[in-house]
Every structure is written in C-alpha cells, then in structure tokens.
Amino acid sequence: MKIRLLAFLIVFVFANCAKLQLQKKPVIIDDIPNWNMWGGNIARTHVYPGNFLLPAEPVQRVSTSSAVGKTLLAVDGMLFYTTLDGEIHAYDLTKKDEIGHKSMDLHSTLVVQDSVLIIARRYGDDTLFGYNLNSGKIFWHINAGDVDSEPYIDNDQIVVTALYKHIDKYQIMTGERIWKTDLPEHIHSSPASDGKLIFFGCDDNFVYAVDGDDGAIVWKFQTNGAVQAGPSVLDSTVFVGSTDKFFYALDSDNGKLRWKFLTDGQILNGAAVNKSAVVFGTTDEHVYCLNPLNGAVRWKFHAGSVISTTPLICGKTIFFGSLNHFLFALNVETGEEIWKFKTRGRIRTDPIIWGKYLICASEDHDLIIFQSKETE
Amino acid sequence: MRRLGIIFTFLFLMAAQGFSQYYFGRNKVIYNNFTWYILKTEHFDIYYYPEMRELAEIGGAAAEESYRVLEDKFNHSIDRRIPLIFYSNHIHFQQTNTTPSILPEGVGGFFEFIKGRVVIPANGSIPDFKRVIRHELVHVFTHSLHYRILKDHHRTHFPALPLWYVEGLAEYWSIGWNEEAEMFIKDAVLHNYLVPLESMYQIYGTFLMYKEGQAILKYIADQYGEEKIIQLIRNTWKEESFSNVLKLTIQKDYRQFDKEWLYHLKKKYYPIMAQRDFPEMVSQKITFKGINTKPAFFRKNNEPAMAFVSNRIGYSNIYRMMLPDLQFSLKEKEAKIDIVIKGERTADFESFHILNSKIDVNNRGELCFVSKSGATDALYICDVNNSGKKKKFRFPKIVTMFSPSWSPDNQFLVFSGIDFSGKCDLFQLNLRTGNLTRLTNDYFNDRDAVWDATGKFIFFSSDRTSLKNKNYYNLFALRVSSGEIFHLTYGAHNDYAPAISAENKYLAFTSDRDGAMNIWVIKNGLPQKEPLLASRDLNISRDALPPFSLIHSEYEIRKITNFTTGAQDPEWTDDNGLLFTAFENFSFQIQLLNDVPMRYDSSKIAVRDSIFEKTIIPSFDKIVAHSTVTTVKYKPKFNLDVAQSAITQDPMFGTSGGAQLAISDMLGNYQYHFLVFNNAQTRDEFLESFNVAISRLDLSHRTNYAIGLYHFAGRYFNWYDGFFYERWYGGFGSVSYPLSTFERIEGNINFRQSYKEWYGTGYSRSALLLSNFIGYVKDNSLWGPTGPLDGERIDITIGNTTDVRHSNVNFYTIIFDARKYFRLSRQSAFAFRAMTRYNHGKEALPFYMGGSWDLRGYRRWSLWGKKIFLINNELRFPFIDRFLIKFPFGGMTFSAIRGAAFVDVGNAWDDHLTSVLGSAGLGVRFRFGGVLVLRFDFGKKFAFNDLHHLLDTDKFDLQSGYFKQFFFGWDF
C-alpha cells in the first residue's frame with residue numbers, strides 16, 4: 001500500500017511538472033502595464049508606456065531547451081514565452097523562477113487575456129487552442145490552419161491570419177468561428193486593428209483592410225513585393241514595410257498612399273510608432289526613424305548586421321536586436337546609441353519591457369532579464 | 001582475423017600510407033611550395049600566397065559584398081569567421097590538400113563541410129572569380145540556415161536538402177539567369193531530354209542538374225515570389241520529404257510542379273522554332289561522338305582537313321580528320337580520324353583544357369597546342385601529320401596557357417597566359433629567338449587571340465568593357481608595334497573568338513548580342529565617308545585604325561547563323577567556309593558552314609556598334625586596408641575533422657570497442673590520426689589488450705611522408721596460423737614521392753617488437769622486426785561505370801622483414817601486379833592482369849587468394865601460401881543500358897549494368913607449385929548508388945593437376961556443375 005501511494009505521488013508530481021498551471025491567483029499590479037500580445041495592443045504600436053532607464057544589468061539568464069520564439073508576453077508579473085521545439089513556459093519575474101511549462105510538440109505563439117492563454121501553432125492538425133491557465137487544461141481546440149503570424153485578442157474575440165490564405169475571427173471562450181475571409185496567397189503578416197478595420201499584408205504583394213465585423217475586404221493596396229511584416233496603426237494611418245524595400249504609410253480608411261520611403265533592404269518585421277516617430281529595421285543593417293506625417297528621415301542607424309526584431313519604444317529609448325548578437329538601445333530623438341549588450345546568439349525575439357524589467361532572448365537558448373535601476 | 005582490428009588497422013595504415021602494396025590511384029603532386037598568409041576582413045579569413053596579394057584583395061572585397069547581399073537574401077548571418085582559400089589559377093588549385101580528391105578541370109571551387117572552408121581558384125577572369133565566390137558563399141549560408149532551422153526545431157533526422165536545390169540556388173543567386181543557362185534549358189526542352197523533378201536522381205551531380213535547379217528556382221521566384229525560395233528552407237522542419245516541403249510552400253508537390261513547369265517551358269520555347277534553327281539542320285555536321293571542339297583547318301595533300309580536340313573515348317586526344325563532303329555527312333557517320341596526340345595518360349600531356357584552349361595549324365602543317373605538363377602548362381609544336389618530333393616551350397612565370405595562334409609568317413605565336421598573380425594576359429613568343437614578350441598586363445581577361453592577315457594587329461576578346469557596373473567581353477585589336485589597343489566591337493553583350501579570313505576579307509566571331517550565341521561577320525572594305533564624330537573626337541586618322549574597327553561607321557556586323565542553342569570557336573577554311581563547334585542535344589559537335597560570303601550578303605540582320613564617348617577603363621574594387629583588415633602569416637592550427645567510435649560483436653572473440661580521431665590544419669597539409677580500441681576478454685587483460693596508434697602525415701611538399709607509433713595486441717585467427725596471440729608495438733615511417741600525376745615511388749620502414757604465441761602448439765617467439773619496402777606505382781587508367789576500361793596500372797614492390805635480435809624471422813617480399821586495359825570500343829575493353837606475390841624465408845607470411853576479387857569461383861581467401869600467382873583475362877562490355885521498374889507507388893531505375901566474360905588461372909603454394917587452378921565464366925556488374933558495385937559471376941572451375949603434363953586430359957579436372965558467386969567490389 002505504501003509503495004502504491006508512493007508510486008502515485010511520484011506519478012502525480014512528475015505529471016504536474018509538465019503542466020502550465022497557475023496554482024495561485026496572479027498578483028495584479030494595476031500600475032504596471034501588461035504586454036499581453038505582440039506589439040502590446042491591437043494597433044501593434046510596439047510602444048511601452050513609461051521610461052526604462054539605462055544602464056541595465058542582466059539579473060537572470062534562463063537556459064531554454066531551444067531558440068525562443070518571436071513573441072514574449074508579460075502579464076501581472078508572469079513572463080510567457082515559447083521555444084521552437086514546441087515548449088511553452090511561464091516564468092515569475094519577481095521570484096525569478098519558472099511557474100510551469102507545457103509541450104505542444106510544435107512551435108507556437110501566444111496571446112493572453114485574463115486566465116485564458118490562446119496558443120496558435122505553426123503547424124499541425126489542430127492549430128488554435130484555448131488554454132485555461134487556472135485549471136491547466138485545454139478547453140477547446142480547432143484546426144485554424146497553420147499560423148505563421150501573431151494573433152490578437154479584442155473584446156473576447158481572436159483575430160488570426162492563417163498561412164494558407166485566410167483570415168479568421170473566433171470566439172475566445174469557445175473557439176467558434178465568427179467569420180472567415182479567403183485571400184489569394186499565403187499570409188505571414190500579423191493583423192493590426194484600429195478598432196474598426198483589420199489590416200495585414202499578404203504574399204500577393206497587397207496590403208489588405210477588412211471589416212472587423214464581417215471580414216469583408218474594404219480596400220487593398222499593391223506593393224511590389226510580398227508584405228510579410230505586420231502593420232501598425234496610429235492616427236488613421238497604417239504603417240507597413242514590404243519585401244520590395246519600401247516602407248509605406250496608407251490612409252487607414254481608404255488605403256490611399258500618404259507617402260512611401262525606399263530603403264536598401266527588405267522589411268520583414270513590424271514598426272514601432274508614436275506621434276513623432278515611426279521606427280523600423282531592414283535587412284540592409286539599418287534602423288530608420290521617419291516622421292510619421294510625411295516620411296522624412298529623422299535619423300538612421302547602422303547596426304552592422306540585419307535588424308532582426310521589431311523595435312520597441314519606451315519613453316525616449318528604442319530597443320531592438322540584430323543578427324550580430326547585439327541588443328541595442330538608441331535615443332529615439334537622435335538615433336544615438338546609448339547602450340548595447342552582446343548576447344550569445346542571433347536575436348530574433350522581439351524585446352519587451354514589463355515594469356522595471358527588460359526581457360530579450362537570443363537564438364542560443366538564452367533568455368535574459370535585465371533590471372533597470374529605476375523607472376519613471 | 002579480428003574484424004574490428006582489421007578495419008581499424010586498415011584505416012590506420014591507409015591513413016598513414018604505411019603500405020603501398022594493395023592500392024593504386026593517381027597522385028596529387030605538390031609542385032609549388034606556397035608561403036601562406038591570411039588576410040583578415042570583417043567576416044573572412046582569406047588564405048593566399050604573396051604573388052597573388054592583389055587578387056586576394058579583390059576577392060576579399062567581392063566576398064564582403066557578397067556577404068551583405070546574402071545576409072539580406074537569407075535574412076541570416078554567419079556566426080563564425082569564414083575561411084576562404086584562394087588560388088591564382090587552376091593548376092595551383094589542383095594541388096590543394098583541403099580535399100583528398102584529385103580535382104578535375106571542371107571543378108570551379110567548392111565548399112567543404114567539415115571545417116566550413118571555401119576553396120576557390122581564379123581563372124584569369126575577375127567577374128568569374130567574383131561569381132564563384134558568390135556561388136560558394138550561397139552554400140555557406142544555405143548550410144548554416146538549414147542547420148539552424150533543424151536544430152532549433154529538434155528535427156535533425158531530416159535528410160539533406162536535395163542537390164538540385166542546393167546547387168540550383170547557388171547558381172541562381174550568383175549568376176541570375178544568363179544566356180548559358182538559357183541555352184542549356186532551351187536545348188533540353190527542344191530535344192526532349194529535360195528531366196522532371198520527380199526523376200532528378202537520374203542526373204544527380206551532373207551539370208544538367210545544376211542548370212535545371214537554377215531554372216526551377218527562377219521559375220518559383222517568377223511565379224510564386226522570390227521569398228518562397230528561402231521559405232523552402234524554413235519549412236524543412238515540418239515535413240520528412242522535400243516534395244512535401246515544396247507542397248507546403250507553393251501548394252504543389254514534385255509531380256504537380258513538373259506538370260506546370262514543363263508546360264510553361266514548352267510554351268516558352270516551342271514558338272522559337274518558327275524563327276530559329278537547330279545547328280545540324282542548317283550546317284554540315286562533321287563529328288558525331290563525344291565532345292569535339294576547337295577545330296583548326298589545314299590542307300593535307302591539297303585536301304581539306306582539320307585538327308580538333310575530343311574526349312570521344314574517355315581520354316582527351318588531339319585528332320585529325322579529312323573534311324568529308326556534304327553527301328558523306330548526310331549518312332551521319334564520321335570520316336576516318338587519326339590520333340595526333342594522346343592525352344591524359346602521360347606526364348607531358350595531362351590535359352589539353354578541352355573546352356577552353358584552342359589549337360592552330362599553320363600553312364606548313366605545324367600544329368601548336370597547350371597541355372598541362374607537370375607544375376605548369378607547356379606549349380608544343382609538332383607536325384600535324386607526324387607528331388613524333390615535338391618542340392616544347394615552358395615559361396617559369398606562366399602557370400596556365402590557352403589558345404596559341406600562328407602569325408602569318410609562322411615566326412611568332414600569340415597566346416593567353418595566367419601568371420602567379422592570377423592575371424590572364426597576352427604573350428608573344430618569337431620562335432626564332434625564343435624571346436617572350438608580354439603584350440598586356442592587367443586584371444582583364446584577354447583571350448582568343450589571333451593575328452590579322454598583315455601580321456600588324458592581334459585581335460582578341462577581353463572583358464575590359466564596363467557598362468552599368470558590369471564587365472562585358474568585346475573584341476579588340478592590338479597594334480603589335482606599339483601595343484596600342486582599339487575597340488572593334490562595343491556594347492553590353494559578349495563577343496568571343498575572332499577569326500579572320502584570308503587577306504583580311506572577313507572577321508567572324510561569336511556573340512550573344514541577341515540572346516543566343518551565334519556567329520556574326522564583319523566584311524572589310526575601305527570606308528567611303530568620313531568616320532563618325534566620335535572618331536574625330538578621338539583624334540585618330542583612318543589609316544591608323546585596325547581593319548574592322550567599329551569607328552568606321554560603315555562597318556556592319558551581320559548575323560549569319562540563327563541557332564536555337566549556340567555556336568563557338570569559328571575557324572575559316574580557305575574556301576570561305578566556317579568550321580565551328582555547336583552545342584546541341586547536350587553535346588558539342590563540329591559543323592561546317594559553307595559559302596559564308598553568300599550568307600553574309602543575304603543576311604537580313606545587321607547592326608552597328610559605335611563608341612559615343614571615351615570608354616572608361618574600369619578597375620576592380622579591392623578590400624582596402626582599414627581597422628578591420630589585417631594580414632598575418634599562416635601558422636597551422638589544428639581542429640577536429642573526424643571522431644567516430646565503433647563496437648563490434650564477434651561470435652568467436654566477443655565484444656570490443658574503439659574510437660578513431662583525425663585532426664588537420666586549415667590547409668589540410670598536416671594531419672594527425674589517433675586510434676584506440678580494446679579487445680580484452682577479462683579485466684586482467686585490459687591494459688595489455690589496449691590497441692593504440694598515432695600517426696602524423698605531412699602533405700605540404702611534393703614528397704609526402706608519414707610517421708607513427710603503435711601498440712597492437714590481441715587474439716587472431718587465420719587459416720595458415722590457426723589461432724594465435726600477437727602483441728606488436730613500434731614505429732613506422734613512410735615516404736611517397738610522385739614522379740608525376742601517374743607515377744610514384746614509395747618507401748616504408750617499420751620497426752617493431754613482436755611477441756607471438758600459437759595456441760595449441762605451445763610454441764611462441766619474440767622478435768625485433770625491421771621491415772623495409774620500396775615500391776613503384778603507376779596508374780593512368782580510365783574508368784567506366786564499374787572499373788577501368790583503358791590505360792594501365794602497375795605496382796612493383798620489394799621488401800625485407802628481419803628479426804634483428806633473435807633471427808627468428810627473416811623473409812623477403814616481392815609483389816608484382818600489372819594490369820592493362822585494351823580498349824575495344826567506347827564502352828568495352830579487354831582487361832588483363834598478371835600478378836605474383838612472393839614471400840620467402842623464415843616465418844614468411846602467407847598471402848590469401850580466392851573469391852570475386854581475384855580467382856573467381858573459389859571461396860574467398862580459401863587459398864593461401866607464401867607465394868601466389870594470378871592471371872586474369874576479362875572481356876568487359878555493356879549489358880543493359882537502362883532498366884526501369886515501375887511500381888504503383890513509384891519506380892526505380894538501374895543504369896549501366898555491365899557484363900563480363902572471364903578466364904582466370906592461379907594458385908598459392910609454399911615450396912613447390914604443383915597445380916594450376918582456374919575458372920571461366922560470365923558475370924554481371926551493377927553499380928548501385930554511385931559508390932557500390934554489386935557483382936555476380938557464374939561458370940566452371942578447372943584444375944591442371946600436373947604442371948609437367950598440362951595437356952594431359954587425365955590430369956585435367958573440370959567442375960561438373962557451375963559455381964555462382966555474388967559479392968561487391970570494383971573490377972580489377
């Protein structure tokens with residue numbers, strides 16, 4: 001009997017080790033903004049409120065089982081991240097300890113709202129999952145098509161662009177599809193929204209806007225290359241880069257071109273945008289800062305290698321990573337380099353900030369958490 | 001014998017070159033002792049020797065530029081410094097130790113996976129050099145990205161990317177799409193030999209596969225988007241087969257893609273037939289077999305004839321042929337040809353550079369040609385009708401030469417030469433005085449030089465025209481007296497191979513100015529009008545200009561051929577015909593265009609080249625010296641090449657395990673091999689059963705040597721000794737000196753302490769053994785699908801083994817192994833081998849015989865003795881060209897199944913040879929996967945039981961049934 005109980009306990013303990021479950025209610029810290037989806041919000045502005053003061057020191061390095069995925073989320077003191085070998089992890093930033101992890105077998109991306117974690121898998125039979133963080137259980141799963149982009153949640157609804165030529169909206173609590181719109185080509189671009197329309201790029205070289213209520217195509221704008229970067233929306237303007245080396249600013253209501261800017265490289269990642277700056281990186285090793293009203297160059301910075309992440313604006317500082325292993329911080333007004341940190345591998349994960357923590361990851365199984373001495 | 005011990009010992013000894021008795025092969029001869037330096041740029045370590053410093057800087061700049069471009073295309077970076085090893089010409093490149101393989105002329109560079117090295121020769125053309133750098137760097141990026149994708153997704157079991165994709169991508173992203181690729185694919189479609197993706201394995205590793213891969217990726221980029229090319233690599237973690245990866249990426253698997261792609265190609269190329277011609281339909285085809293190029297016209301006994309270069313039998317030779325009339329050619333048979341010079345069999349004539357170097361015959365019947373001859377190329381002159389006596393010219397500073405051409409008075413030769421710095425320039429040789437004059441001296445690729453009829457000008461093709469940041473080959477004329485160079489043609493197209501008819505009447509050349517390589521002609525004649533404004537600006541008088549100069553605005557260039565594919569190397573006959581090489585149906589054949597003046601007069605396509613402004617002589621970017629560029633002298637640093645372990649289980653000897661390690665330096669000149677294994681049966685035996693060996697190879701100079709130490713111990717078995725234990729430890733030294741690519745002298749000394757104990761006899765002995773061997777090896781064989789078909793191989797080795805302390809062992813060894821292959825036709829041969837191995841003396845070791853590799857019909861190694869002899873006679877012939885099995889779920893194709901008919905005799909003995917054994921029969925050989933040959937023989941065994949009565953039928957035994965023997969291995 002004792003042996004059986006011991007065996008049961010062993011099984012129970014080890015079974016629970018592979019689970020992602022919040023045993024306690026998360027500590028809700030109202031005055032620290034959360035980062036619960038790629039880009040920080042449905043407009044994908046990649047701006048974190050406040051100011052992160054430099055220099056910062058790494059206070060924790062987490063060794064991961066494989067390269068970390070593109071998107072990091074930080075909600076209520078918990079850091080969520082995925083790895084390319086199909087693992088999902090949750091990490092307590094304040095206690096500096098892992099909360100739990102779950103294996104999805106194949107690489108996924110995440111978006112979280114309250115206790116619901118939406119898992120979008122890159123490949124497989126079922127590719128969209130609703131996961132209850134409190135119970136540690138999947139409570140719905142559907143085949144939404146391979147997802148090579150970053151979904152968003154708005155008003156209990158999930159919007160997902162699927163690789164094989166469609167965009168969909170689902171109910172967050174049931175996974176029930178609300179609408180689906182078919183497109184002519186593959187979609188790698190992540191959707192963004194101004195609350196009414198949803199914007200995204202497509203491999204047929206077009207930027208699309210669909211109605212948020214029914215998915216009907218409202219307008220489309222043609223570029224000369226596949227649009228794989230995710231757009232950003234601010235002040236009735238859609239900002240997006242293309243593989244044709246142009247960065248575009250379009251009227252969000254009708255898709256008309258406001259301005260465009262030619263670089264020397266492909267634009268594969270999103271842009272960070274606020275009232276005075278739109279910042280993006282290209283494969284020509286430069287970060288550009290343009291005036292969002294007219295596309296005039298405010299400054300450009302040469303990083304020495306491909307800019308491989310979407311920039312993040314926090315206060316007066318821009319953070320981004322590059323393939324030569326560096327995490328950079330520049331002054332958003334002047335483009336002057338303030339600080340940089342060399343990691344162990346190429347950086348393909350978009351850096352994020354939560355409270356006084358700056359988090360980034362590099363390809364060589366390395367998640368790094370920096371702490372600022374103070375924040376404003 | 002212990003299996004693991006055999007494997008490891010064999011590998012060790014092969015690696016140490018300790019024994020030469022049992023293998024042949026050609027030699028990689030290190031003619032030049034290079035002093036290496038490293039130019040360190042931002043991303044590269046560039047290895048070069050001082051004579052080519054400037055070329056290394058040009059290459060460095062090109063490499064950094066390519067890095068930027070590829071970083072953008074792949075969205076990926078390389079985390080390590082990339083070693084680039086440059087050679088200034090192909091002859092030096094063939095001496096590289098970064099690969100053990102003998103490098104043929106067709107290899108333009110390679111990327112080697114173990115150390116991540118890129119090894120590239122220059123060929124005299126800077127644009128070609130840059131293109132090859134880009135090509136190889138595509139491989140570096142592809143390999144790095146693919147490895148990363150699979151590693152991150154934990155999918156390391158995925159097979160490698162298909163070769164058509166890897167090479168196609170390297171071609172497409174280094175060349176783009178050019179007229180050469182267009183020519184090959186167009187020809188493949190129009191002649192119905194394009195291989196679909198589903199069957200790409202049939203042309204695995206061939207040039208056609210490269211071009212098809214390039215075409216497929218261009219199609220994917222055009223139809224589906226350039227980003228899909230990299231998406232194919234990024235999706236490899238998702239699926240097990242590349243066909244499925246293709247389906248994920250563009251929604252079409254191989255079969256569906258083939259249908260779409262082939263349809264697209266047919267729609268593109270079939271309409272061309274309305275406007276263009278197959279070469280053989282509009283000109284007279286002279287040759288039909290193999291590759292035939294570089295025709296040179298002459299008259300023999302007042303009849304038209306030509307000399308040319310061909311590889312029709314496998315070896316490249318220079319031939320002569322009487323030109324047949326048209327009626328004869330319609331029979332699609334060749335006129336009788338004779339070999340003038342045999343190539344690729346002797347050190348003097350290693351290679352004629354068949355696709356790159358022209359030959360020439362003057363009006364006295366003197367043939368001039370170039371051949372690789374040892375460390376450099378040499379220039380030869382001989383009678384085209386009687387090649388017995390030859391004049392040979394070699395120039396120490398010129399490594400490679402091309403396309404010699406006679407002056408009208410036969411006193412001079414002009415040719416292209418590449419020196420140590422990598423420059424390809426024109427040189428003039430005065431045959432009376434032997435003086436060599438350098439006519440040009442720059443990094444432009446000057447080629448195809450010919451004299452005009454007056455001897456005042458030399459016409460040539462060169463890439464010194466720069467338009468829109470790209471170099472183009474146009475035609476130029478060099479005034480011999482002053483060295484002044486004039487444009488003849490000008491434009492963003494490539495013009496090659498100028499040929500001038502008698503009395504400077506016509507200039508013919510090949511050009512891709514309308515998309516395909518065709519023959520264009522300019523007719524000479526004094527201009528009636530003043531030259532164009534441009535010439536007035538250039539301030540040159542008309543009389544000072546060379547004939548055919550484009551500055552004369554009246555000169556028209558007229559197109560006289562309109563081929564679907566391409567023409568090369570036009571050569572005038574003396575009755576206004578043009579011999580040329582045509583590419584058609586994936587072969588190069590010589591054809592004849594008659595009555596060229598009539599074709600010129602009736603041509604409807606005419607253009608005029610004009611210079612509207614002074615041309616800017618371009619320069620090539622070099623990596624400039626700044627903080628990220630440093631130079632250091634090369635010092636060997638070693639890193640791991642191979643580490644492998646093995647465990648064996650033997651029913652007799654139990655379990656044993658071991659490991660092997662090899663390290664070498666970046667240039668492959670110095671190698672260390674380590675071997676360790678243990679075959680202890682009990683714990684007590686562990687230390688004394690330790691087998692360990694270490695050897696060091698030095699390949700840096702012409703003389704290769706190896707030294708090593710070893711300790712071997714264990715239980716063994718052979719049919720001669722039975723079961724025995726032997727422990728032997730000591731050291732060895734080996735030397736190999738190549739006399740040429742085909743011959744070498746080898747020596748070996750081995751000094752060891754040996755303790756041997758025969759089980760069940762109570763007998764044991766100790767000995768301090770000293771073995772000395774010296775040998776001569778020759779190999780100029782030409783291989784077919786399953787073994788040699790031509791040439792010969794010889795191994796003569798003598799040696800002695802003696803116990804210098806106890807005199808327990810003392811025997812001498814003689815090995816004689818001679819193999820000759822008599823070519824009967826292109827695919828058949830009669831092969832003969834005579835071999836004897838002779839050990840005589842105290843404790844002389846036995847040799848073993850029997851089996852599919854020597855005396856067929858007898859069990860493998862069932863015959864042994866201290867002396868053996870063997871005579872093999874074998875007729876080798878093609879049996880089945882292609883054998884296809886189609887299953888509902890797929891198919892398999894087997895090609896080059898060959899047959900054999902053989903008679904073998906031999907035997908083994910210790911003291912007296914009393915009988916001769918033999919066998920006769922038939923066999924089938926089948927090459928599987930390119931590396932393994934499966935063999936099946938059947939026949940009858942026989943024996944002459946009394947050597948003194950060989951013809952006595954009572955003493956002759958013939959096997960009543962048949963033997964059948966199945967094994968693997970190459971033909972002898």
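Letters go in sequence order (proteins before strands), and every chain restarts at 1.
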For B/Ile78, is it the side chain, the backbone, both, or neither that has a heavy atom closer than 4.5 Å to a heavy atom of chain A?
backbone

In the structure I gave you, are the side-chain heavy atoms of B/Trp173 and B/Arg134 within less than 4.5 Å of one another anywhere?
no

Chain B shares the most heavy-atom pairs under 4.5 Å, among A/Arg122, A/His107, A/Glu285, with A/Glu285

Chain B: which of A/Asn205, A/Leu106, A/Leu84 shares the most heavy-atom pairs with it under 4.5 Å?
A/Leu84

Examine whether an atom of A/Asp105 lies under 4.5 Å from a heavy atom of chain B, and if so say whether it belongs to the side chain, the backbone or both; otherwise answer neither.
backbone

Which bit of B/Glu226 is near chain A, if near means a heavy-atom gap under 4.5 Å: side chain, backbone, both or neither?
neither

Going through the checks in order, is the side chain to side chain contact (heavy atoms under 4.5 Å, CB included) test met by A/Tyr248 and A/Phe221?
CA-CA 10 Å; A/Tyr248 296 88; A/Phe221 175 84; 3.5 Å; yes

Can you label the angle between the B/Phe257 ring and the B/Tyr219 ring as parallel, tilted or perpendicular, going by 30° and 60°?
perpendicular

How about A/Ser305 and B/Glu71: does a side-chain donor come under 3.5 Å of a side-chain acceptor?
yes

Leading residue by heavy atom contact count with chain B [cutoff under 4.5 Å; candidates A/Asn324, A/Asp284, A/Asp203]:
A/Asp203

Can you tell me how far the CG atom of B/Leu84 sits from the NE2 atom of B/His43, to the nearest 0.5 Å?
12.0 Å

Looking only at side chains, do A/Thr109 and A/Glu150 share a donor and an acceptor under 3.5 Å apart?
yes

Which atoms of B/Lys73 approach chain A - backbone, side chain, both or neither, heavy atom under 4.5 Å:
backbone

Okay, A/Glu185 and chain B: the region with an atom under 4.5 Å from a heavy atom over there is side chain

Taking B/Arg148, B/Arg68, B/Gln231 one by one, which has the highest count of heavy-atom pairs under 4.5 Å against chain A?
B/Arg148

Hey, are the side chains of B/His146 and B/Thr236 touching, using non-hydrogen atoms and a 4.5 Å cut-off?
yes

